[in-house]
Amino acid sequence: MTPSPTDLPALRAALLAWFDRSGRALPWRVGPEGGRDPYRVWVSEVLLQQTQVARGRVYFERFMEAFPTVEALASAPIDAVLKAWEGCGYYARARNLHRAAGIIAQEGFPAHYAGWRALPGVGPYTAAAVASLSGGEARAVNDGNVRRVLARLGGERQPTERWVQARADELLDPARPGAWNEAVMDLGATVCTPKNPKCPECPVSASCAALASGDPAAFPAPKVRAEVREVRAVALLLGDTQAAVLERREGTLLGGLMGLPTQLLAPDELPAAALERLAARLGARVTGELGTVTHTMTHRRVTLSVYGGEGGPPRTPVAAEALSRLDHKALALWERREGSLFAERKS
DNA sequence: AATACGGGGTT
DNA sequence: AACCCAGTATT
């Protein structure tokens with residue numbers, strides 16, 4: 001049920017009062033409302049894309065330590081940026097952040113939504129967030145929290161992006177756009193949660209159509225997700241966990257990160273065949289199998305068989321490079337090889 | 001409108 | 001094992 005226009009001020013006042021009392025204290029929420037440090041806000045928003053706050057917070061602190069200013073970020077090598085991002089996923093975010101930092105270092109921070117939106121890695125959500133939180137501009141954000149909160153308030157089971165944005169635009173408090181955006185997201189994250197929402201604690205429960213329906217958690221309906229595909233590959237560990245042959249991954253999957261030389265198996269291909277191709281390409285000799293690891297990456301499940309070998313290109317220090325979790329799992333097999341197990345075996 | 005893109009938390 | 005997370009870029 002859409003609140004009538006006369007309810008709107010009351011709804012805004014109720015949520016903002018709750019926010020002023022119960023909003024989260026977060027490390028990027030520094031500076032005056034609507035006038036926050038654009039660098040911190042921008043970095044945090046990119047870091048928090050599809051990443052939970054608890055996790056993003058750890059990376060944020062690490063990132064600010066390594067790159068305290070946009071100039072520091074712009075002048076840093078991309079490898080250092082990826083290393084700071086290691087393990088956080090969606091590495092295009094780090095590559096785009098670095099590219100955008102170069103632009104900002106030249107031209108200064110964008111003054112408005114459109115300028116933010118033009119930067120690589122800044123979409124409608126991030127542009128609205130930074131423009132409102134840092135610039136005081138009246139732009140309504142639309143993220144997973146907003147989608148859920150508004151779907152429930154409006155009693156809409158299948159909210160389209162268009163519907164959500166339209167509702168968010170209507171509700172946005174033009175007097176406090178930054179605080180309003182943070183308030184809706186805080187409500188979604190702490191009260192109006194996906195499962196078991198805490199409706200008794202909700203400052204706007206009286207206006208909630210989903211609660212009135214009796215089953216608020218049923219709003220919005222779950223999104224249909226693509227199936228997880230199976231992928232098989234072989235990898236060659238030439239060296240050890242300290243120094244090994246590493247290659248830079250090209251393309252979109254883990255692009256920019258370093259990793260063990262890897263060969264995907266064609267459908268129905270035997271690992272031995274792919275391994276032979278891989279060893280031939282590197283000019284290396286396979287000495288034995290270290291084991292198999294599996295790794296799930298939302299949309300695909302990778303089964304990677306790892307082999308040890310000799311020869312091939314020069315080894316490089318592993319610790320300095322940014323590796324995916326998959327490669328860390330592969331490297332961990334080295335510690336479990338026969339000799340090591342024997343040496344560490346206790347009586 | 002779909003799909004690719006990481007990795008992990010919560011239920 | 002679902003379902004989700006302060007989304008974006010590319011089809």
Side-chain angles (χ1 to χ4, degrees), chain A residues 23-24 26-29 36 40-60 82 85-97 99-100 116-134 139-151 158 160-162 164-165 168 178 180-190 192-197 217-218 220-229 231 249 251-257 259 294-302 322-329:
Chain A
R24 293 174 290 181
L26 296 168
W28 44 85
R29 291 183 175 175
R36 303 242 162 94
R40 295 173 78 87
V41 174
W42 169 54
V43 170
S44 70
E45 293 299 346
V46 173
L47 215 30
L48 292 168
Q49 290 167 10
Q50 293 295 284
T51 302
Q52 294 182 338
V53 166
R55 188 174 173 69
R57 201 171 172 148
V58 174
Y59 279 88
F60 179 81
L82 286 168
W85 208 272
E86 182 179 26
C88 195
Y90 286 158
Y91 299 96
R93 293 183 295 171
R95 301 195 302 271
N96 285 331
L97 200 67
R99 270 211 294 154
W116 283 106
R117 183 69 185 80
L119 291 171
V122 177
Y125 164 79
T126 304
V130 186
S132 63
L133 299 177
S134 166
R139 294 277 181 173
V141 299
N142 175 6
D143 76 334
N145 290 306
V146 173
R147 170 185 161 80
R148 184 171 57 256
V149 168
L150 299 192
Q158 306 281 350
T160 62
E161 285 310 294
R162 199 178 164 74
V164 177
Q165 189 65 58
W180 175 262
N181 281 332
E182 289 183 336
V184 180
M185 292 192 285
D186 278 19
L187 187 73
T190 64
C192 194
T193 47
K195 311 276 175 74
N196 308 323
K223 286 184 173 176
V224 280
R225 286 178 159 76
E227 65 172 309
V228 178
R229 291 184 308 174
V231 178
R249 305 217 180 282
T252 54
L253 181 63
L254 304 177
L257 297 190
T294 62
H295 186 65
T296 303
M297 305 158 78
T298 302
H299 49 290
R300 67 183 75 190
R301 177 182 165 80
V302 182
L323 270 57
S324 72
R325 299 291 299 171
L326 174 61
D327 284 288
H328 280 296
K329 285 184 186 176

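All chains are named by letter (A, B, ...) in the order of the sequence lines, taking the proteins before the strands, and each is independently numbered beginning at 1.
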Please answer whether the main-chain N or O of A:Ala322 pairs with a side-chain N or O of A:Glu86 as donor and acceptor at a distance below 3.5 Å.
no
With sugar-phosphate meaning primed atoms plus P, OP1 and OP2, does A:Trp85 contact a base, only sugar-phosphate, or nothing at under 4.0 Å between heavy atoms?
nothing
When rounded to the nearest Å, what value does the distance between C1' atoms of B:dG8 and C:dA9 take?
23 Å
Separation of C:dC3 P from A:Arg147 CZ (nearest whole Å)
13 Å
Sub-6.0 Å ring centroid separation between A:Tyr59 and A:Trp85
no
Between A:Pro120 and A:Ala54, which residue's closest nucleotide on DNA chain C lies nearer the 5′ terminus?
A:Ala54
Would you indicate what A:Leu326 reaches in the nucleic acid, counting non-hydrogen atoms under 4.0 angstrom: base, sugar-phosphate, or nothing?
nothing
For A:Ser324, which contact category applies under a 4.0 Å heavy-atom criterion: base, sugar-phosphate, or nothing?
sugar-phosphate
Please work out if A:Thr51 contacts a base, only the sugar-phosphate, or nothing of the nucleic acid, heavy-atom cut-off 4.0 Å.
base
Tell me, do A:Thr294 and A:Val302 make a side-chain contact under 4.5 Å, heavy atoms counted?
no
Nearest to the side chain of A:Arg55 - C:dC4, B:dG6, B:dG8?
B:dG8
Pick base, sugar-phosphate or nothing for A:Val122, based on heavy-atom distances below 4.0 Å to the nucleic acid.
sugar-phosphate
Select one nucleotide: of C:dC4, C:dA6, B:dG7, the one nearest the side-chain heavy atoms of A:Asn145.
C:dA6
A:Val164 backbone acceptor or donor facing A:Arg147 side chain under 3.5 Å
no
Counting only side-chain heavy atoms from C-beta out, which of C:dC4, B:dG7, C:dA6 sits nearest to A:Met297?
B:dG7
When rounded to the nearest Å, what value does the distance between P atoms of B:dG6 and C:dT11 take?
16 Å
Are A:Tyr125 and A:Gln49 close enough that a side-chain donor and a side-chain acceptor fall under 3.5 Å?
no
Do A:Arg93 and A:Thr51 have side-chain atoms, one donor and one acceptor, less than 3.5 Å apart?
yes
Electrostatic pair A:Asp186-A:Arg29, nearest N-O below 4.0 angstrom
yes
Flag, side chain of A:Thr126 to backbone of A:Gly123, donor-acceptor distance under 3.5 Å:
no
Just to confirm, is there a sub-4.0 Å distance from OP1 or OP2 of B:dG8 to any side-chain nitrogen or oxygen of A:Arg325?
yes
Please state whether the rings of A:Phe60 and A:Trp28 are parallel, tilted or perpendicular, taking 30° and 60° as the class boundaries.
perpendicular
Does A:Leu253 reach a base, just sugar-phosphate, or nothing at all? Heavy atoms under 4.0 Å.
sugar-phosphate
Just the rounded figure in Å: distance from P of C:dT8 to CH2 of A:Trp42.
14 Å
To the nearest angstrom, how far is A:Leu323 atom CG from B:dG7 atom P?
10 Å
With a 4.0 Å cutoff (strictly under), does any side-chain N or O of A:Thr298 reach OP1 or OP2 of B:dG7?
no
With a 4.0 Å cut-off on heavy atoms, is A:Val53 in touch with a base, just the backbone sugar-phosphate, or nothing at all?
sugar-phosphate
From B:dG8, C:dG7, C:dC3, pick the nucleotide closest to the side chain of A:Arg225?
C:dC3
Please give the distance between the C1' atoms of C:dT8 and B:dG9 as a whole number of Å.
22 Å
Just the rounded figure in Å: distance from P of C:dG7 to CH2 of A:Trp116.
17 Å
Whole Å only: how far is the CH2 atom of A:Trp28 from the P atom of C:dA6?
10 Å
From CG of A:Asp143 over to C1' of C:dT8, roughly how many Å is that when rounded to an integer?
14 Å
Any side-chain N or O of A:His299 under 4.0 Å from OP1/OP2 of B:dC5?
yes
Take the protein atom CZ of A:Arg229 and the nucleotide atom P of B:dG6, then report the distance between them rounded to whole Å.
13 Å
Between A:Arg162 (CZ) and B:dA1 (P), how many Å, whole number?
9 Å
Hey, which of these two, A:Asn196 or A:Gln49, hits DNA chain B nearer its 5' end, going by closest nucleotide?
A:Gln49
Any residue in residues 87-96 of chain A with a heavy atom nearer than 4.0 angstrom to DNA chain C? Just list them by number, or reply none.
none
Is there, by distance only and without an angle test, a donor paired with an acceptor across the side chain of A:Thr126 and the base of C:dG7 below 3.5 Å?
no
Looking at C:dC4, C:dA6, B:dC5, which one has an atom nearest to any side-chain atom of A:Arg29?
C:dA6
Against the side chain of A:Arg117, the closest entry in C:dA6, B:dG6, C:dA9 is C:dA9
By nearest atom, which of the nucleotides B:dA4, C:dA6, B:dT11 is closest to the A:Lys195 side chain?
B:dT11
Non-hydrogen side-chain atoms of A:Val141 and A:Glu182 separated by less than 4.5 Å
no
Of the options C:dC3, B:dG7, B:dA4, whose atoms approach the side-chain atoms of A:His295 most closely?
B:dG7
Counting any heavy atom closer than 4.0 Å, what does A:Leu257 reach on the DNA or RNA strands: base, sugar-phosphate only, or nothing?
nothing
When all nucleic acid strands are considered with a 4.0 Å heavy-atom cut-off, which category describes A:Arg148: base, sugar-phosphate, or nothing?
sugar-phosphate
What interatomic distance, in whole Å, is found between P of C:dA6 and the corresponding atom of B:dT11?
13 Å
